[in-house]
Every structure is written in structure tokens, then in C-alpha cells.
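Remarks on the structure that follows.
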Protein chains: 2
Amino acid sequence: MRDSVQKVALDLSSKIESGEWADGYRLPPERRLAAEHGLARNTLRQALSALEQRGLIVRQVGRGTFVRAESRPALADGLLAKMRNASPVDLIEVRLIIEPQAAALAATRASGEDLATIEAALRQSVLAKGTAEFEHWDAALHLAIFRATKNSLLVDYCEAITSIRNQPRWHRLKQRTVTPASRHLYNRHHSTIVTALRERDAETARKAMIEHLTTVRDHLVGAAS
Amino acid sequence: MRDSVQKVALDLSSKIESGEWADGYRLPPERRLAAEHGLARNTLRQALSALEQRGLIVRQVGRGTFVRAESRPALADGLLAKMRNASPVDLIEVRLIIEPQAAALAATRASGEDLATIEAALRQSVLAKGTAEFEHWDAALHLAIFRATKNSLLVDYCEAITSIRNQPRWHRLKQRTVTPASRHLYNRHHSTIVTALRERDAETARKAMIEHLTTVRDHLVGAAS
DNA sequence: CCCTCTTGAGCCAATATTGAACCAATGTTC
DNA sequence: GAACATTGGTTCAATATTGGCTCAAGAGGG
């Protein structure tokens, strides 16, 4: 057959680009690949060389051939970093998507222990003296709600959000936007949410969270303008 | 076998992280572990050394090897790494929260260019020959929808989801669940969503996405049982 | 016939794994 | 306390696996 090289190169690269062979995956040995494709090893090696030149794979004598893991680590390291660069408006938009649903889930799934943790965080946030302390317990409250959903991905998400909100640039923004009046309002919102959770009222919890985050967003854009 | 070290290291660490080998548990002697895994002791020792370096175990001459207590908090590694351990059900639950809203946002914000990209991805996914190729264009389609929201956080989220779905363990699951019939159904769903986007019909786009992901979830749990 | 692609085989160098032996620290038994 | 067994720590040579490379012969289209 003519041009087997291009054919097998296409086949292999599609396996890589589709994710079937993920980053860091170790390809079968050349000799086996050649046998599986019904080709001589030399021919298959030409295909591999092409992929290597395109940067898709890395070959190491005595170790094997690997899907190049250069693209993914950049994402792994960069995901949080990229999220940290998100704008406040983008962030609150995402929170408005996720957190009402999370609150609704928490209403149906929270254990008694979860509720106790949530209520403790609420009490502490009401008692908090400074802005920093209030923010701490506010974050703890939201996190406790996410834990109550029993969904580890949601917990991860909330921790990421918290880490974003703990950055210095956000601190400055908060200090401009969090006034005694707004704190009082936020406490009322939080209280409504927690009450709804205790009464297993998913719909009320969702709506209360929407109202809460909408208020936060309006304060943010008000402060920005 | 060639990469026995990594394999057995993964096996052992999963036993620890899953809790099967709790904190303080004493591992079987190296010689026994090696025999059970069909490896030479030296090879298995390399795997143990890797775990030791990661802080998962402690080795004591003459006493044995122990799962390290307090190992968990010290391992604040990567957000993405943690997300990768999420269960399929957790993942689809989060997708059901976010993606319908994202579709609704995309309906109001997508540019003509965005719509062209989305429709191209849809066409490619319909034409795709294998499961891998279909998955590739399916992911591209969802990503294009997220890009159309103009919210960088949502795009980051979608890329994280895609990277999770590209893992080998997910690949096996997909190969069991994606049949020609389900692919046909998914194509219909995708088509409905894209049409709604083009017509700027946010509500229809949201509902179509909900129906789509609900179907995917049902296929998943159906395959699991 | 000529040219290119492909094959099959062999050899080399780098790496991985094995298998065994011996040492050192700890625990157990008498 | 002494003898013995168990366990991790270390070293080393032998073997297996793997990619890097070369070359002569075959296959197939112009």
C-alpha cells in the first residue's frame, strides 16, 4: 500500500487529539504498534517521527513514547490563576448560576450535622466585628452550604471561589462595598436561606440565594460606576 | 510489563486515598506485596518510594510501612487534580446546573462568528465516525457554546470539564454508554439547542440543554446498574 | 526500466525489571 | 540476655524491553 505513513499518522493523531490517548499516556511499543497496524516497524516509525515533529509525542530511548504532556500541566497550574483573573461581574454571574441550585440541593440533602455547621457560621457572621471577620464567616457559611450538597465537585468549586475572594484586589473592593447597611441586609438574606434549609424548602432557598446574590451584584456594579 | 512502577503506585495510592487502607494502617511487607503484584521487590520498592515522597506512607526498618496519619491536609495540591476524582454522577449534576444557564446566556450574547463555530462543531459531530471522534466534536460544541457567553470563568469551567472527560477512566465509561442510538438522540438534542441559539430563544435553549443532560445522566446511571 | 515506498532483519544504546545476596533495625521467644 | 524471625535498606549483575539506526531486498506505480 502506498502512503501508509500518512494514514497511520492520521489514525494515531486522531487518537491523541480526541483524548483517547490522554496527555502523558504511554503509547504501545513501536514493534507492537507496527504489528497491530500491519506495517513494518520502519514505516510506522516514520509516522511517529511526523507526530514527534508536530509536537504531539515525545520519544525516550528505553522508556517508550509518550503523548506530550506540555499542554495539560499549563492548564492544571493555570486554571486557578486564570480564574483569579476573572472580572467581578463574571464571577458573580457564575455564582448566580450555581449557588441557588446548590442551595436547593442542600435543602434536600443536608444532614443535621450540616445544618448545625451552617447555623454556627451564620451566628458567627452576625457577631463579626470587622469586615475581614465578616467575610471569613460569610465564606464559611457558603462553603458549609456546598458541603451539604454532598457533591465533591461543588465543594471544589466553592473553595476555588473562596480562594479568589481572598485575594488582595477583592479585599479592597469589598471594603468599598460592604457597609453596615449592606451587612445588615446580607444577614437577613443569609438568615432566610438557612431557615429555608432547615425547613427543607428547596424552592425558597433557591429564591433567597438568587435575591442575595443579585443584591451583591448590584452593590458591586454600583461601586464600580 | 514495562511501567509496573507507575501502575502499582497508582494502585496502592488509590487504596490509601479511598480509605481502604486508613491512617495508621500497616501495609503488607514489601516481599509479600511484590509477590501479590507479581513484581520483583526492587520494582515494588520504587513505587513505595514514590508514595513516601508524596507523604502518603512512612517506612520504618524492622517495623513495617504505615499509612501516614495527617497526610490529607498537607496535600493541598491542585484544584484540577481534585476535580478529576469527582464521580460521574457528581459531574453530570454540576453540568445540569451550569450548562442550561450557559446556553441561555449564549442565546442572548452569541455573535455571528460564535454561531458559525457552534454550527461547524455540530456538523462535524454528526459526521464523526468513531466514538472518540464524536466525543471530540461534542466537547468542541459545548466549549463553543461557553465561549459565546463571553464569560471567561464559564469558559475555564468548560475546559476543566473537558479535561476531566478526556481521562482514560471516562473513556471506558463512554465506550459502554455511547451507542449509535444514543448518538442519534444526542444529535437531535444538539440540533435543537443550536437552532434555539440562532433564534435567540434563551428559554428553549435552556430547556433543550436540560433535556439533553438529563438523557446523558440517565444513560450513565443506566449503564452503572 | 527507474524511482519511491515498504519491508524485514539485525545491531546498538538507553532504560526497566529481575533475582539474589547481605546489612540494619525491630520484635518475639525462650 | 541470647537466639531467632521479620522487616525495610542497599547493592549488583543479569536479563528484558524499547527507541535509534542502517542496509539490502521486495513491491508497485510511472
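Within every chain, numbering begins at 1; the chains are lettered A, B, ... in the order of the sequence lines, protein sequences first and strands thereafter.
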Residues at least two apart in sequence or cross-chain that pass ring-ring contact (aromatic ring centres under 6.0 Å, His included) with B:F66, listed by chain then number, are none
Residues at least two apart in sequence or cross-chain that pass ring-ring contact (aromatic ring centres under 6.0 Å, His included) with B:Y186, listed by chain then number, are B:H212, B:H219
What's the [atom1]-[atom2] distance between [X] and [N], to the nearest Å?
X     : N      : atom1 : atom2 : answer
A:R45 : C:dA9  : CZ    : C1'   : 14 Å
B:H37 : C:dT18 : NE2   : C1'   : 17 Å
A:E30 : C:dG8  : CD    : C1'   : 15 Å
B:L44 : D:dT7  : CG    : C1'   : 14 Å
B:Q6  : D:dT17 : CD    : P     : 18 Å
B:L33 : D:dT6  : CG    : C1'   : 15 Å
B:Q46 : C:dT15 : CD    : C1'   : 11 Å
A:L27 : D:dT17 : CG    : C1'   : 16 Å

query: OP1 or OP2 of D:dG9 sitting under 4.0 Å from any side-chain N/O of B:R59?
result: yes
Please determine whether a side-chain nitrogen or oxygen atom of A:T43 lies at a distance below 4.0 Å from atom OP1 or OP2 of C:dT6.
no
Do A:D114 and A:T117 have side-chain atoms, one donor and one acceptor, less than 3.5 Å apart? no
Inset, instruction - Using distance alone, with no hydrogens and no angle criterion, decide if B:S125 and B:R183 have a side-chain donor and acceptor under 3.5 Å apart. - result: no
Exercise. Under a 4.5 Å cut-off applied to non-hydrogen side-chain atoms, are A:Q101 and B:L96 in contact?
Worked result: no
inquiry  = Within the 4.5 Å heavy-atom criterion, are A:I57 and A:L12 side-chain neighbours or not?
reply    = no
With no hydrogens and no angle check, is any side-chain donor or acceptor of B:R68 less than 3.5 Å from a backbone partner on B:V58? no
Using a heavy-atom cut-off of 4.0 Å across all strands, would you classify A:L39 as base, sugar-phosphate, or nothing? sugar-phosphate
Need one value for A:R26: base, sugar-phosphate or nothing, where a base atom within 4.0 Å counts as base even if backbone is also close, heavy atoms only. sugar-phosphate
Between protein and nucleic acid, restricted to nucleotides 20-27 of chain C and to nitrogen or oxygen atoms under 3.5 Å apart, what atom pairs and distances do you find?
from: C:dA20; atom 1: N6; to: B:N42; atom 2: ND2; distance (Å): 3.3
from: C:dG27; atom 1: OP1; to: B:R63; atom 2: NH1; distance (Å): 2.9

